[in-house]
S.K.: 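Attaching a single structure in structure tokens format; questions to follow.
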Amino acid sequence: DLIAHALGKLNAPNALTKYAALALAAQVPPERAAPVAADIGKLATDDQPEVRRAAGRVLERLGPHGAGAADALGKALPGEPEPDVRAQFV
């Protein structure tokens with residue numbers, strides 16, 4: 001399915017591709033994005049602050065459906081240099 005294929009781009013090497021996949025994840029119903037929550041969580045340590053911000057916004061929107069990202073967020077939080085991004089991770 002097209003949505004699953006697009007969400008699979010969360011692991012792309014290109015920051016713009018990851019950002020676009022995150023934008024899609026923010027638009028689909030939370031239960032539809034839940035299976036990729038761990039992949040979204042991994043983006044909490046991305047090199048690009050905008051990708052990290054977008055990941056935080058998506059996970060806020062997912063609420064309990066984003067539980068799969070908890071481990072990755074726990075590891076990313078102590079090293080996050082951007083205060084606004086760190087606040088999203090909490």
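Values in this document were obtained by computation on a predicted structure and should not be read as measured data. Residues: numbered from 1 along the sequence shown. Heavy-atom basis, side chains included; hydrogens, waters and symmetry copies ignored.
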S.K.: Compare every heavy atom of Thr45 with every heavy atom of Ala76, then report the nearest pair and how far apart it is.
M.R.: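 That closest heavy-atom pairing would be CB-CG2, 3.5 Å.
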
S.K.: Using 0.5 Å steps for rounding, measure from the CZ atom of Arg32 to the CG atom of Leu24.
M.R.: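 Arg32 CZ to Leu24 CG: 9.0 Å, rounded to 0.5 Å.
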
S.K.: What are the two closest non-hydrogen atoms of Phe89 and Gly56, and how far apart are they?
M.R.: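 Closest approach of Phe89 to Gly56: CE2-CA, 4.0 Å.
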
S.K.: Is there a chain of hydrophobic side chains (I, L, V, M, F, W, Y, each step under 4.5 Å between heavy atoms) that links Leu16 to Val51?
M.R.: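 No.
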
S.K.: Can Leu62 be reached from Val90 by stepping across I, L, V, M, F, W or Y side chains whose heavy atoms are under 4.5 Å apart?
M.R.: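 Yes: a chain of side-chain contacts under 4.5 Å links Val90 to Leu62.
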
S.K.: In the single-linkage hydrophobic clustering (I, L, V, M, F, W, Y; side-chain heavy atoms under 4.5 Å), do Val36 and Val28 co-cluster?
M.R.: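 Yes, Val36 connects to Val28 through the hydrophobic network.
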
S.K.: Would you compute the distance between atom CG of Leu22 and atom CD of Glu50 and round it to the nearest 0.5 angstrom?
M.R.: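 Atom-to-atom, Leu22:CG and Glu50:CD are 11.0 Å apart.
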
S.K.: What I'd like to find out is whether the side chain of Glu80 reaches to under 4.5 Å of the side chain of Arg52, using heavy atoms alone.
M.R.: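 Yes. Closest side-chain heavy atoms under 4.5 Å.
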
S.K.: Quick one: do Leu59 and Tyr19 end up in the same hydrophobic cluster if we chain Ile, Leu, Val, Met, Phe, Trp and Tyr together by side-chain heavy atoms under 4.5 Å apart?
M.R.: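 As far as the 4.5 Å side-chain criterion goes, Tyr19 and Leu59 are not connected within one cluster.
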
S.K.: Indicate yes or no: at least one non-hydrogen side-chain atom of Ile3 is less than 4.5 angstrom from one of Leu7.
M.R.: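 In short, these two side chains touch, coming nearer than 4.5 Å.
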
S.K.: Would you name the heavy atoms of Ala25 and Arg61 that are closest together and state the gap between them?
M.R.: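 That closest heavy-atom pairing would be O-NH1, 4.5 Å.
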
S.K.: Specify the closest pair of heavy atoms between Gly66 and Ala37, including all atoms of both residues, with the distance to one decimal.
M.R.: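 Smallest heavy-atom distance, with atoms named: CA-CB, 3.8 Å.
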
S.K.: Hey, what do you get for CG (Asp46) to CG (Leu10), rounding to the nearest 0.5 Å?
M.R.: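 Result: 11.0 Å between the selected atoms.
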
S.K.: Are Arg53 and Glu82 packed together at the side-chain level, in the sense that at least one heavy-atom pair is separated by less than 4.5 angstrom?
M.R.: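 Yes, at least one pair of side-chain atoms sits under 4.5 Å.
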
S.K.: Using a 4.5 Å cut-off on heavy atoms from C-beta on, say whether the side chain of Lys18 contacts that of Leu43.
M.R.: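 They are in side-chain contact.
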
